[in-house]
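As the structure is a computational prediction, the values presented were derived from the model and not from experiment.
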Amino acid sequence: MIKINGLKGSALAILALSFCLLYLLFPISNNSIDAWGFAKYVKNGESLFLSHHLFYNAAGFVWVKLINLFFCIDTLKLLIALNALFAAATLYILGLTLRLLGVEGKRSILWVAFLGSSWAIMRYATENETYIFPLFFSLLGSYYFLKSLKDNRLHVLFLSGLFAATACLFHQIMFFWWLSLLIGVASRRKVKSFVWFVLPAIIVPVSYLLVLAFYNSQPISFESLTRFVFRDYYSGAAGISTGLSSFMLLGIGIVRSFFQVHGYIINLSHFSPLFYIGILLSIILLLCAVFQIRKISWGWINVKEQALWVHLLAIILQLIFALLSDGNAEFLVMIPLLTVIVLAQLISNEIRFVRFLALGMLIWNLSVGLLPLHFYNLDDSNILSAQVIKNQNEAKQPLYVLFSRPRIENEVEYHTGVYPKNLITGIQYDDVNIVKARVNEALENGLPVFTDCYNRPRTISRETLVVQNKYETQFSEYHYQKVDSIESLTGKYYIYSITKK
């Protein structure tokens, strides 16, 4: 269905494969709470259809089972590799999409390189998260949408609607991209076109109903369906919020969609001065890009073209939703891709600008993002998990009061297959007295109690901005003795044993 000719296609394929190799070589070794959780579900063949991203775990399960027919490879590594492959495929489809828009030659290649170098793509192409799959399918939806502007056969719009709807099944946040395409189709004022685009969207409710009835074994009703589809909102895992902090976090999230920004950057000199050489080179290239801005020509008249304003609308809707979601950076993952589609139509004479910008962004995100997160520990989670696993077979298991209990809990369960019952949270509790009672009970039974919540380094990050560590004031009645320390990107962490004063 998708055709591309000659050397241009070869250059695009080589570029996409080069980025794929980069992503495969340097996967993030500081996996998130969700990354371990999804890997655990896939490994155990459970919770394969989670409502917020219905098909992600199921697709990963099929992939892992298929590969394991021939090779025995760690589940988490396979899932990360699958994201890298889909990220490369997304870059390739972007190149085809740009050529549909008349963006040819160097311009097309440079814009693809720009996207591949953005932190949103690098971050999730090297992690077991749910955002690359829906990006791929949403972009395919846009490809066929743009194709329908030149080829008005109804099956082309059907494919556009099908892929855009499929993206929503991999993550619900892609609804706004689908909605933007729908508004674009509706603006054509052709009933058949509208129907053929909307028709395949029936796969979304049908998929949810089938999962609800046959996988979750729940009775079908409007209430049960609503609770399943919007489970994260009913459970409190997601919600709507506004305020100055949302605007601040939204601004940070937009920047981080393109560049990795984190407080640990100031600590990189402790590990290697080469990181700062990369930073310096990146800054020079980015300054060169700034000096090229005045040469860019802006074609504002193109905003009225459907191919442009539809994707600009998608950007606006996604930004509004991210703002209402407390500026969640994960809900901005599509912004670089949509920005490329918009800017490639809006500006011209930008080759030198994009060349410097893409190269500067690539070097920056490698120097302060991909390489540090691949080779070094971000915090104390990896080492704490290893310690908990080591102690799992002891008759008297120590009690751990942890800053990031779900993260360590998921990793321990992934490796051992057993839910660790000796981990409690030190920062997120409804009643601090319940936590203290658990600690006191362990001490009275002669069990060692350890914590990493005390005297933590305060590196600036989203976590430190939104999570308050009140442990030191809430648990001041205990005595703390250092038993171990861990040097990481975000500072030096200590493990303390807890005793009564």
Distance-only side-chain donor-acceptor flag, Asp34 / Ser32, under 3.5 Å: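 Per modelled atom types, Asp34 and Ser32 side chains form no pair under 3.5 Å.
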Is a side-chain donor-acceptor pair under 3.5 Å present for Arg107 with Asn349?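 On atom types as modelled, these side chains do not qualify, holding no pair under 3.5 Å.
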May I ask you to decide if the ring planes of [X] and [Y] are parallel, tilted or perpendicular, using 30° and 60° as cut-offs?
X: Phe133; Y: Phe170; answer: parallel
X: Trp177; Y: His311; answer: perpendicular
X: Phe49; Y: Phe55; answer: perpendicular

Can you list the residues that meet the ring pair (Phe, Tyr, Trp, His ring centres under 6.0 Å) rule with [X], with sequence neighbours excluded?
X: Phe275; result: none
X: Phe61; result: none
X: Tyr41; result: none
X: Phe321; result: Phe176, Phe331

Using a 3.5 Å cut-off and no angle test, enumerate the donor-acceptor pairs between side-chain atoms of residues 190-200 and protein atoms at least two apart in sequence or in another chain.
none

For Arg123, check salt bridge (charged side-chain N to carboxylate O under 4.0 Å, His left out) against everything at least two apart and list the hits.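 Arg123 satisfies salt bridge (charged side-chain N to carboxylate O under 4.0 Å, His left out) with no other residue.
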Tell me every residue that passes salt bridge (charged side-chain N to carboxylate O under 4.0 Å, His left out) with Glu127, counting only those two or more places apart in sequence or in another chain.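 Scan of Glu127 (salt bridge (charged side-chain N to carboxylate O under 4.0 Å, His left out), adjacent residues dropped) gives none.
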Mark yes or no: Arg188 above the aromatic ring of Phe145, with NZ or CZ under 6.0 Å from the six-membered ring centre and no more than 45 degrees from the axis.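 Cation-pi check for Arg188 and Phe145: passes.
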Does any non-hydrogen side-chain atom of Leu12 lie less than 4.5 Å from one of Arg99?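 Yes, at least one pair of side-chain atoms sits under 4.5 Å.
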Does the side chain of Leu362 come within less than 4.5 Å of Phe19's, by heavy atoms?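 Yes; the side chains approach each other to less than 4.5 Å.
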Residues in side chain to side chain donor-acceptor pair (under 3.5 Å) contact with Asn83, at least two apart in sequence or another chain: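 Listed in chain order: Tyr56.
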Please test Gln306 against Ser187 for side-chain hydrogen bond (donor to acceptor under 3.5 Å, both in side chains), starting from the C-alpha separation and ending with a verdict. CA-CA 9 Å; Gln306 192 175 106; Ser187 71; 3.0 Å; yes
For residues 281-292, run the donor-acceptor check on the side chains, cut-off 3.5 Å, and write out each pair with its distance to 0.1 Å, sequence neighbours left out.
residue, atom, partner, partner atom, Å
Ser282, OG, Gly360, O, 2.7
Gln292, OE1, Lys295, NZ, 3.4
Gln292, OE1, Arg352, NE, 3.4

Qualifying side chain to side chain donor-acceptor pair (under 3.5 Å) pairs with a residue from residues 111-121, counting only residues at least two apart or across chains: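 Listed once each, the pairs are Trp111-Glu350, Trp119-Gln260.
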Can you pull the side chain to side chain donor-acceptor pair (under 3.5 Å) pairs that have at least one residue in residues 358-368, sequence neighbours excluded?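 Qualifying pairs, neighbours excluded: none.
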Pairs where residues 148-167 contributes a residue and the test salt bridge (charged side-chain N to carboxylate O under 4.0 Å, His left out) is met, not counting sequence neighbours: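 Output for this query lists Asp151-Arg153.
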